[in-house]
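In what follows, a structure is listed as C-alpha cells, so that the remarks can point back to it.
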Amino acid sequence: MMNWLDSHCHINDEAFRDDLDDVLNRMIEADVTKAMIISSYLDDYDFALRITKSGISFKHSLGVYPGDVNELDEELFEKYAFRMKEDDCDAIGEIGLDYHWDKENKERQKEVFERQLKLAQELGKPVIIHSRDAIQDTYDLMKQNPVKGVMHCYSDSAEMAKEFVKLGCYISIAGPVTWKNAREPLNVIRAVPVERLLIETDCPYLTPVPKRGLRNEPSYVVYTGKQIAEELGINEEDFKKQINENYHRLFGL
Ligand code: NI
C-alpha cells in the first residue's frame, strides 16, 4: 500500500508544542509518512529541523511570509537567504502576496516576493506560494520569474489554476475541498491534470470534514485525499501513487 503525504504543514507551530509526539504517532497510524514542514521564522525553522520520527520523512521550507514584510530589514533578509542556501532547505516558502490583511504595502510585498523568486531560481529550489486576494499580481510575478513551484492551499478560480499549470506550477488542495460549500475547489481539481495536484493540511488551520472545528493536523490529510480521489473517480491507491510522484518530482527525493 502506498503512503499518504502532507505537502504543507506547520507542526512547528505553537499549537503543537504540548502534544507533538501524539500528533506524529497519529501520522504513523494514518500512514501519512511524508510531510513538508513550512517555516516563516528562523526560530521555527530551527525547531522544525529538530523534529524527527522514525517512519516519517520530513522536508523543510523556509520563506519570508507576505504578512511580515513590514518588519523585514536587509540584515534579517540576509539571515533568511543564508539558511535558504543550506542543503537542509528543500524549498523556498511560503512566499507570495496577501492583500487580504494588508493592501497598503503592495509594492513592498511584491519586491520581497520577487527577490525570493529570484533567489529560488538562483539556488534551483522550488517555491511554495501563498496568494490571497492577489492572484493576478502573483501570476504576473511568477510569469516574469519562472521557477518551479506550488500554489499552496489554492483557493482561486479553476480558470486561473489552468494558467498556473501552464507556467509549470502545481496546485495544492487543502481541507476546504471537503467542506459542504466546496464548489470552486471541486472545479479546480477537475480542471488541473492529476499529475499537477498536491494535497496538504496547512495545519493547524483549515481542518477538513469530519474534523472541522478541531485543530487540524497532518493525519487529517487523508480525508482531503480520499475526497479528491473519490471526486475524480480514481482508485485510492493509484491516487496516492500519483501524489507521491508529484511530490518527489517537485521537491526531490
Ligand atoms: Ni501555510
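These figures come from a predicted structure and were not determined experimentally. Indexing begins at 1, ligand by ligand and atom by atom, following the structure's order.
A side-chain donor from one of Asp102 and Asn105 sits under 3.5 Å from a side-chain acceptor of the other. Judged purely by distance below 3.5 Å, without hydrogens or angles, the side chains of Glu86 and His60 never pair a donor atom with an acceptor atom. Side-chain contact of Asn3 with Asn244: a donor-acceptor pair under 3.5 Å is present, judged by distance alone.
For Glu94, the N, O or S atom with the smallest separation from the Ni ion (ligand 1) is OE2.
Between Glu231 and Arg190 there is a salt bridge, since at least one side-chain N of the basic residue sits less than 4.0 Å from a carboxylate O of the acidic one.
Inclusion of His10 in the first shell of the Ni ion (ligand 1) is supported: an N, O or S atom falls under 2.8 Å.
In this structure, OD1 of Asp202 and NE2 of His8 enclose an angle of 90° at the Ni ion (ligand 1), rounded to 10°.
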